[in-house]
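The figures here come from the full heavy-atom set of this structure, side chains too, leaving out hydrogens, waters and symmetry mates. Labels below follow one simple rule: chain letters A, B, ... track the order of the sequence lines, proteins then strands, and each chain is numbered from 1. Everything quoted here is computed from the prediction, not taken from an experiment.
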Amino acid sequence: MNTWQTRAVSLGLAIAAWEIGARWAGAPFLPPASAVAVALADLVASGRIAGNLSLSLASLAAGFLLAVVAGIAAGVVMGRYRTAARLFDPYLNALLAAPNLLFVPILFTLFGASRATQVGAVFLHAVFVITATTQTGIREAPHALIEMARSFGATERDLFWKVRLPEAQPMMLAGLRIGVLYAVKGMINGEMFIALTGLGALIRTHGGRFEPAYVLAIIGVVIGVAVVCSAALDRLYRRPGAA
Amino acid sequence: MIDIRGCRKTFAGHDGQPPVPVIGGVDLTVADHEFVCLLGPSGCGKTTLLRILAGLIPADAGEVLIDGRPVLGPGPDRGVVFQDFALLPWADVLQNVAFGLELRGDPQEARETRARALIQAVGLAGFEHHYPRQLSGGMQQRVGLARALAVDPATLLMDEPFGSIDAQARRSLQDDLLRLQHQHRKTVVFVTHSVDEAVRLGDRIVLLTPRPARVAEVIAVDLPRPRPPSLGRLARFVEIKEHLWGRLMGDPEARS
């Protein structure tokens, strides 16, 4: 069996287990897979998924792109200059550890129920992990390669562009892959808090009506978005020469 | 010509350790086109001496002159070959060999032509687009050698370049190095802890004391060139080897 066949079998078994388990347990907040599928079909057919998904994806794209630019810039500076690392490391670690839900109410008080709050939530969820991985990648460039490049007359600028940055690339990519997953969480957290537009708002609406099958169907769509984003980033850059 | 006068180096101690004197006053002259081996016990400071020659670290005292000019940093007159190869893992053989030319600012086409010629010269034709991890240690060091030769330095500084390479590949690398040195008329300063290797390769062997390194003895290797694989059977080869082993193993003079 190839990877895709293995995954299909695994997914089929998981759905079957879910269906049987949910029917047996009869818990109101764990509807069986079939009920979720029906809810999803209704959401898609009525156009509610498409409309809200496009709004959500716009916030996600804007917030994540800002996080990539700011995170890489901050990470490069902190990886390259020890003073910057000493100054900002404690804050970075604190913000990495902080529960992400903390950000949304603050943004809400600043920007109200606006697009800025939603983009800000995505940004703040993703930016710190991108900063931290970039910093580590830049800082850990092997001394042997730096010395080799210097022996061939490399300037500091050469060292950065031709040794440190390419050396940091796999680490940075790992940061982007984790960052995009956090960004999706940020998107939902922001939308659920504001409860105005997007998939998060849709979750709130159906949650308020006690329609768990609809809630799970939307969460399934959100997970789908996260998986697609992560896989796309993975495709974007594969280290050449990898075995 | 390389002229080292009264070179000293002490490393600062870490975490409250006392400072470590590594080079304790070395005087040495290397003539143009000469092949000089620096031989000494592990950790004696021979690599540090080579790094000072390369301009990667400064000496604390003394002078290092190349053709009468003091060494202030790395320069295009010296090409370094590293013990751990130091190849860029994300670049293929062609890009690695051309790296020095790229840093120097040669146009793309010129550096590719030159790199291809050197890849050929070190026997790696056909591997231009392989990545370092796809090559054996011996082949990786051939890339390192080609990269150093590509910038056409007058002097090759080689830091235990074949130390981690298996015996068979090492023998063939040694033969190729001698051939290339002769063809390209390079001066070579070659650090090794292998007595056999020093005698096979060197015009002269500079025996260093244990740390801090000083010159214990300079031995002229009066063996014919080119040096065939059967060199090891010559009585004179064995004699020089025995002498060096004697000095390395507890001969009190070597510890002076």
Asker: Report, in residue-number order, which members of residues 126-155 of chain A are under 4.5 Å from chain B by heavy-atom distance.
Answerer: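 Answer by number: A/His143, A/Ala144, A/Leu145, A/Glu147, A/Met148, A/Ala149, A/Arg150, A/Ser151, A/Phe152, A/Ala154.
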
Asker: Taking only residues at least two apart or on different chains, which pairs with a member in residues 92-121 of chain B satisfy ring-ring contact (aromatic ring centres under 6.0 Å, His included)?
Answerer: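 Counting only pairs at least two positions apart or across chains, no ring-ring contact (aromatic ring centres under 6.0 Å, His included) contact touches residues 92-121 of chain B.
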
Asker: Pick one of side chain, backbone, both or neither for B/Leu87, based on which atoms fall under 4.5 Å of a heavy atom in chain A.
Answerer: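 For B/Leu87, the contact with chain A is made by the backbone alone.
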
Asker: Would you say A/Phe103 has more than 12 foreign heavy atoms packed within less than 6.0 Å of its CZ?
Answerer: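 Yes - once you tally the heavy atoms of other residues, nucleotides and ligands closer than 6.0 Å, there are more than 12.
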
Asker: Taking 4.5 Å as the heavy-atom cut-off, does anything in residues 13-22 of chain B contact chain A, and if so which residues?
Answerer: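 Hits under 4.5 Å: none found.
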
Asker: Step through the shown structure and confirm whether more than 12 heavy atoms of other residues, nucleotides or ligands are within 6.0 Å of CD on B/Glu109.
Answerer: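 Not more than 12 within 6.0 Å, no.
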
Asker: So which bits of residues 44-59 of chain B come within less than 4.5 Å of chain A, counting non-hydrogen atoms only?
Answerer: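 Counting heavy atoms that sit under 4.5 Å from chain A, the residues of residues 44-59 of chain B involved are B/Arg51, B/Gly55, B/Leu56.
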
Asker: For atom CZ of B/Arg211, decide whether the heavy atoms of other residues, nucleotides or ligands shown that lie under 6.0 angstrom number more than 12.
Answerer: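 12 or below, so no.
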
Asker: Non-hydrogen atoms of chain A under 4.5 Å away: do they reach the side chain of B/Val80, the backbone, both or neither?
Answerer: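 For B/Val80, backbone and side chain are both near chain A.
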
Asker: Would you name the heavy atoms of B/Trp90 and A/Glu167 that are closest together and state the gap between them?
Answerer: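 Where B/Trp90 meets A/Glu167 most closely, the heavy atoms are CZ3-OE1, 2.8 Å.
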
